[in-house]
Each structure stands twice: as structure tokens, then as C-alpha cells.
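Taking it in order: structure first as C-alpha cells, then the write-up.
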Amino acid sequence: MASPPAANLLYAALLLPPALVYLVVKRRRSSRLPPGPMGLPLVGSLPFIDRNLHVYFAGLAAKHGPILSIRLGSKVEFVVTSAELAREVLRDKDLAFANRVMPDAGSAVSFGGEKNIVGSPVGPKWRLLRRVCVHDMLGPAGLESVRGLRGREFRSTLRYLHSRSGEPVDVGAQMFLNTMNVITSTMWGGTIGSQGERAAVGSEFRGLVAEITELLGSPNVSDFFPALAPFDVQGIRRKMEGFKVRFDLLFDKIIQKRVEADGGGETVVTDMLETMLKLEREGGDGKTSFTMNNVKALLLDMVVGGTETTSNTVEWAMAEMMHNPQVLKRAQEELDMVVGRDAVVEESHLSELHYLRMVIKETLRLHPPLPLMVPHSPSADSTVGGYHVPEGTRVFVNVWAIQRNPLVWNEPLEFNPERFAEGDNVEGRKWDFMGNQFEYFPFGSGRRICAGIAMADKMTLYSVAMLLQAFHWKLPQGTQLDLSEKFGIVMKKATPLVAIPTPRLSKPELYY
Ligand code: HEM
């Protein structure tokens, strides 16, 4: 027979698992958490989550319903998967749910945390940052003032693609570079100097952004078990701090050049950097301060928030059109009518490209670049769908799944731009990017809606227009289109789209 201490241990081993299950169930009931997977003691559902988190969450919603809770490590998260509940979080209780829980990796790279837009809680600092960004820099007047810079970058991408005629091109990589160059030139115009210097900075940024978004999308023990955060078990914080130092050096160099040029009276520019440096010199707007770290954190927001989101959308649009040649043909016919082949498409043509605009909308419906948006979080205990949501809980809104709801969208998995034509049917509503309809909101909704919509709208349409008007596209022999997705903080194509451009314009001179 076992000795008394050994018997106690045996009883404890037998009783512990049911006791833990009982405690979890009791806690879930008493705190009125919504249903969700049970998970294991201590780690919750961590061992079961799929790399494609948006698909995994959609599967859980099919089983547990449109609002569910899931324990990941020591944290309980909520997932919302219906238009009605999205409206409750983003519209009806917009202010209550307008905060963020900054992931450990995010605060490491954001120049001291709460210095940027994405991570700041709603308050005077966030309001100032958004005003600078949305009104002063990315609003209609701000974007118009740098139209020439955008045109210059598009011409240079056009030239490059022409020089690669007949050869396979990584479409996403080229669009990333194009977007990056447009965003950086919008931010600091001609400060960098020679074309060579600009290209070098562009490619350094690309590498850094890719590494940062990769790490932001990686599961991090420090987030699931905040008590372990000081130990940085996976070294993610350390790597992020390293990236921050590299960004810091790059930004310092760019800012220094501008400050010297301003001091010598060389420049009279109206780019974003100038707007921000002016605010920094004034010390803020009287209500809240604005420091050099805010300048850098905002620059980082633009570079990280604006590049992959935009270039991945263009890559998906091209891939879907190559998969649906009748759509591609119709888009090119529209371009032939509006622009012809004796000229290069310009920004001034975009307002006439109605069909192509529907192509972009359909791309953002099927492949929203942020499938779970940026999670919102209540600043005090709140409720959603009648369930209690404790302060600081992360609430994921699965916009990817909502935009594929078969009760709203006919044949939701088909790529069908015509569904965005205006008409009487339910799909023919005036879908736009402003987050007013909770069946379609790829840019979010409410006060934290994307700060770069106007720029993203211009950039995606202009990029696809340029690619289609100036070139025919085909796949390299022996390759096939793969339309599968890879989840990350920004969703990508699982395999890059590699395609061969050949000239379509009437004269080679048009490309130069
Ligand atoms: C197709 C392109 C893009 C898509 C689909 C997109 C989508 C989104 C979404 C879903 C959010 C989160 C909204 C929420 O939390 O409710 C967001 C936030 C944000 N986006 Fe975009 N975005 C795009 C391009 C851009 C561009 C070009 C910029 C700037 C150059 C930008 C800057 C930002 C910023 C700063 C935020 C944070 C806003 C805040 O927290 O207040 N985005 N975006």
C-alpha cells in the first residue's frame, strides 16, 4: 500500500485536472464570458491555434457563434464575427472600445510606446497625431501638394518594368518598392539626395519593414504570459529594439539633412517632414507636446502601416485578374477607352476608371490586408452581445470572415467585381471605404478607422491602372497561379506572384 504522503500525491494528481476544468468553467460562467474552446490548464488554446489565425477564428465562430472567448496563455481574448457585433464594438461603443493593447514587440519598436498613432490610447496626444496625419499630410490638400512626387515615382517604376520586359518579375516586391518610394517621398520629398542614395534607403527600409511585420505577427510568449515579459523568452523584444536603432539612425540622417537645408535657407518644401518639424519646433499644439520621438514614431507608422497593406492589395488584385481573364480584359478595355495606348495613365484619369475601382473593392473584400484589423480594447469594463468584457481585453473583429458571409454576398468565394456595381440588389448598395456598412469595412470603422484611406485608395488604383495599361501579363511557362493566403499582421499571398510583363503602349518612348 502507498505510504500516506504518496497516497496524497496520487489523490492530488487524480483530482487536479477535474478541479482545474471545474474552476475554468465556473470562472467562465460567473464572469459571463461568451462560449469558446475549453483549452488546457495554464496554456489555454495556445497549442491548438493555427498559423492562419483568421481561418482558425472563423472555424471557431462556426462552432461557438458570432462572439466567442478564447484563452491564450493567461489572457482571455474575444473574437467577433458578425456585422451586428462589429457595429456594436466599432460604432455603438466606439469610444469605449477605442483603445489598443500594445503587443510587447510593438512597444519595443515604437520610440518609447504611445508615441505613434496605432498604439496610443484615445486622448489629446492621439488626437494631435491623427490630425497631423489625416488632415495635414494625408488629406486631399496634403496629398495634392505631393502629386508631382508620386508621378515621378510611378514613372520610375514604369521605366524599370519596361526594362524587364519579357522577364519574370516579382509583382509584390516591385509594388512594395513603388509604394515605399511614394510614401517616403511624400514624407520627406527630395531630402535624401541622389537616386542611388534613395534606392539604397528604399531597400534598407523594405528589409526592415518585412522583418518588423514578421515579428509583429509571430506568437510571443511575453504577450500570452505578461509575467514572463521581462525575460523576453524568444528574444523578440531584443530584435525589435535592434530594428528601432536602425530606423533611428536612418531617420536621424534624413532629419539632419533637412534641418541643415532649412538653416541654410535652401528649401521651401511642403512635405510631411516639414509639417512635423514645424510642430516639433513649436513644441506641440498648446494642449499636448510633440517631440522628435513623435516625429520618428509617425514616420514609422506611415512606413509600416502603409507599405505592405497597399502593395499586397495590388498583388492580390493582379493575381485575381490573371485567374479571371475576363475581368482583366474588361479592365484593360476600360483603360483603352479612358486613356488609350498613346499616352501613359495619370492620376487625373483615376476618377473615370469605374470598373477598375470595383476590382479594388472586390480585392479588399476577399483579401482584406488586416483580416483581424488592429484589435480594439475597452478602457474600462464593458459589454458586447450582452457579455461582460473586462478592461484591457483584446477584441478581434474578423472582417475577413464577415466579408465572406454567404447571407450577404452571393457566391462569396468568387472574385466578382460586378457585385460592386450600384443597383437595387443587396450587393448593389453604395459600398465604400468609410466603415458605414458593417458587412464591408476593410479599413475599419469609427474613430480608429485607417488614417491612410485617401492615400491607399489613390495608390492601389493608380498602381493597378499602370500595370494593366502599360503591359500585357502572363505567367512564366510551367508555373501555376496559387491564390492561397498566409496570415501575418498583414496578410500576404502564400507564394509571391511572379509574372512576365510585355509592352502594351504604342511607342517605346512613352515608357521613358
Ligand atoms: C489597402 C491599404 C490599407 C488598408 C486595407 C488599411 C487598413 C487599416 C485598418 C483595418 C486599420 C485598423 C482600423 C481599426 O483599428 O479600426 C488601419 C489603421 C491604420 N492605418 Fe491603414 N490601411 C491601409 C493603408 C494605409 C496607409 C497607406 C497608411 C498611411 C500611409 C495607413 C495608416 C494607418 C494608421 C496610422 C492606422 C492606425 C489608426 C489609429 O490607430 O488611429 N494605412 N488601417
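Order of listing sets the numbers, starting from 1, for every ligand and every atom in it. These numbers were taken from a predicted model, which means no experiment stands behind them. Side-chain atoms are counted along with the backbone in the values below, which use heavy atoms only and exclude waters and symmetry mates.
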Checklist line | Check: Thr291/Asn293 side-chain N/O donor and acceptor closer than 3.5 Å | finding: no

Next item on the list: Would you tell me whether Arg91 and Asn436 have side-chain atoms, one donor and one acceptor, within less than 3.5 Å of each other?
Entry: yes

Checklist line | Candidates Leu90, Asp432, Ile449 - the one meeting side chain to side chain contact (heavy atoms under 4.5 Å, CB included) with Phe441 | finding: Leu90

Item checked: For the student: nearest non-hydrogen atoms of Pro378 and Ser382, plus distance -> CB-CB, 4.2 Å

Item checked: Aromatic contact, Phe420 with Tyr440 (centres under 6.0 Å) -> yes

List of N/O pairs, ligand 1 versus protein, all under 3.5 Å?
unit_1, atom_1, unit_2, atom_2, d
ligand 1, 15 (O), Arg100, NH1, 2.8
ligand 1, 15 (O), Arg100, NH2, 3.0
ligand 1, 15 (O), His376, NE2, 2.9
ligand 1, 16 (O), His376, NE2, 2.8
ligand 1, 40 (O), Arg100, NH2, 2.7
ligand 1, 40 (O), Arg448, NE, 3.1
ligand 1, 40 (O), Arg448, NH2, 3.2
ligand 1, 41 (O), Trp126, NE1, 3.0
ligand 1, 41 (O), Arg130, NH1, 2.8
ligand 1, 41 (O), Arg448, NE, 3.4

Item checked: Matching residue for Lys492 among Glu485, Glu308, Glu214 - test: salt bridge (Lys or Arg N to Asp or Glu O under 4.0 Å) -> Glu308

